[in-house]
Amino acid sequence: MNEFNKIEFRKSLIDWYLEEKRNLPWRETSDPYKIWVSEIMLQQTRVDTVIPYYNRFIEAFPTIEDLANADEEKLLKQWEGLGYYSRVRNLQAGVREVVETYNSVVPSTRDEISTLKGVGPYTAGAILSIAYGRPEHAVDGNVMRVLSRVLLIKEDIAKPKTRKTFEHAVSEIIDPLDPSSFNQGLMELGATICTPTSPKCLLCPVRENCAAFYAGEQNDLPIKTKNKKTKAQHYDVYIAQNDRKQFLMEKRLETGLLANMWQFPMVEQIIKDEETVPLLQSRYGLHFTKEMDLGSFKHVFSHLTWEMNSFSGHGVETSVPETCKWLTIEEIKEVPMPVPMLKIWQAYMERGK
DNA sequence: AACACGGGGCA
DNA sequence: TGCCCAGTGTT
């Protein structure tokens, strides 16, 4: 292939982007706060998944002050099902910092915006380029895949160091006149044309500028080493109802997996059935009488899987720990729960009390 | 550098 | 199943 022609590449990419871009809710605003929210939601999460969450979230928290003042439980409930829940806690921390320190104006330099909680190198560049039109790199998985092909970069994109190679590359070729369309065009291309498997090169606007296409290597890029396998954890989960038609629930620790979310009493899986009652007694101060088997569930997280058996029955409270509460059905609807618990709760409700 | 951190969609 | 997704924070 000829020398890489960045002028031609920019024009082809941006012309295509402006013509073919999808209509997405966060593309109808230039409010840096809303762009910020969208970028956080989009981390490791597909566009189609994000759309309804974004609309609901902006409706609930239309301004940066609304989010700064929100109650954490309400925030988590909005985020329920999206995953990576620390994102929303960090987002609120960042937003509060902007309200307090920057007079509610999202900073427009990389140095300042990068100090905000939850704003890493990608998100900083995305907000700066999209909301402020600054020529800053925004390197995500799409950009690494697209440019590994276009520029025939054969570094392992699983390695942290490799991101810098792509940041330098973007800094070299980014369009100074429309960095927003350039960055979004790269990502849009990665999402719709230059896909991980079977890239649609015949539809690609920058096919003529693509070294991998020229070399016939588009299916061998990017280079990426494999992840390790996830470990399994085995739990029994108990839905315990008392005489006042309340259910015992527990708020998880404020750090770690599913921090601050609510779950039903859950213990490491029991080998001998007769150990159930004393364990629930000691762990939860709960006297439990098993009535129904709600079935088995497997839930896969990014780094581990939960294999769960679930049961319902009658519970008598003795001494409930600080982290636990008896909640009515209506109250349970207001509380943020991880998807595995939602599945078990749904199974219970479908069995008709 | 390696790992923790969710959940869904797709080959 | 395993991979991938508009990644960041912690260790």
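Throughout, protein chains are lettered first and strands after them, A, B, ... in sequence-line order, and every chain is numbered starting at 1. As the structure is a computational prediction, the values presented were derived from the model and not from experiment.
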Checklist entry - Are any of A:Tyr85's side-chain N or O atoms less than 4.0 Å away from OP1 or OP2 of B:dG7? => result yes
Checklist entry - Can you check whether A:His303 has a side-chain N or O nearer than 4.0 Å to OP1 or OP2 of B:dC5? => result yes
Item to check | A:Trp79 (side chain) donor-acceptor with A:Gly83 (main chain) under 3.5 angstrom | outcome: yes
Close residues, [range], relative to DNA chain C [heavy-atom separation under 4.0 Å]:
range                       : result
residues 53-78 of chain A   : none
residues 156-165 of chain A : none
residues 34-50 of chain A   : A:Glu39, A:Leu42, A:Gln43, A:Gln44, A:Arg46, A:Val47

Checklist outcome for this item: When A:Ser86 and A:Thr197 are each assigned the nearest nucleotide of DNA chain B, the 5'-most assignment goes to A:Ser86
Checklist entry - Rounded to whole angstrom units, what separation is found between the CG atom of A:Leu342 and the C1' atom of B:dG8? => result 14 Å
Checklist entry - Separation of A:Leu304 atom CG from B:dA2 atom P, in whole Å? => result 20 Å
Next on the checklist: Taking the ring centre of each residue, are A:His299 and A:Phe301 less than 6.0 Å apart?
Outcome noted: yes
Checklist entry - Hey, would you say the A:Trp306 and A:Phe297 ring centroids sit under 6.0 Å apart? => result no
Checklist entry - A:Arg89 near the nucleic acid: base, sugar-phosphate alone, or nothing, with a heavy-atom cut-off under 4.0 Å? => result nothing
Checklist entry - At under 4.0 Å between heavy atoms, what does A:Thr123 touch on the DNA or RNA strands: base, sugar-phosphate, or nothing? => result sugar-phosphate
Show the distances under 3.5 angstrom between N or O atoms of the protein and N or O atoms of nucleotides 9-11 of chain C.
residue, atom, partner, partner atom, Å
C:dG9, OP1, A:Gly118, N, 2.4

Donor-acceptor pairs under 3.5 Å, side chain of residues 260-271 of chain A to any protein atom, not counting sequence neighbours: which ones?
residue, atom, partner, partner atom, Å
A:Asn260, ND2, A:Glu72, OE1, 3.1
A:Asn260, ND2, A:Glu72, OE2, 3.4
A:Trp262, NE1, A:Glu73, OE1, 3.4
A:Gln263, OE1, A:Arg252, NH1, 2.8
A:Gln263, NE2, A:Glu250, OE1, 3.1
A:Glu268, OE1, A:Arg283, NH2, 2.9
A:Gln269, NE2, A:Tyr235, O, 3.1
A:Gln269, NE2, A:Glu307, O, 3.3

Would you give me the side-chain donor-acceptor pairs under 3.5 Å for residues 32-42 of chain A, sequence neighbours excluded?
residue, atom, partner, partner atom, Å
A:Tyr33, OH, A:Phe61, O, 2.7
A:Ser38, OG, A:Ile35, O, 2.7
A:Glu39, OE1, A:Tyr122, OH, 2.6

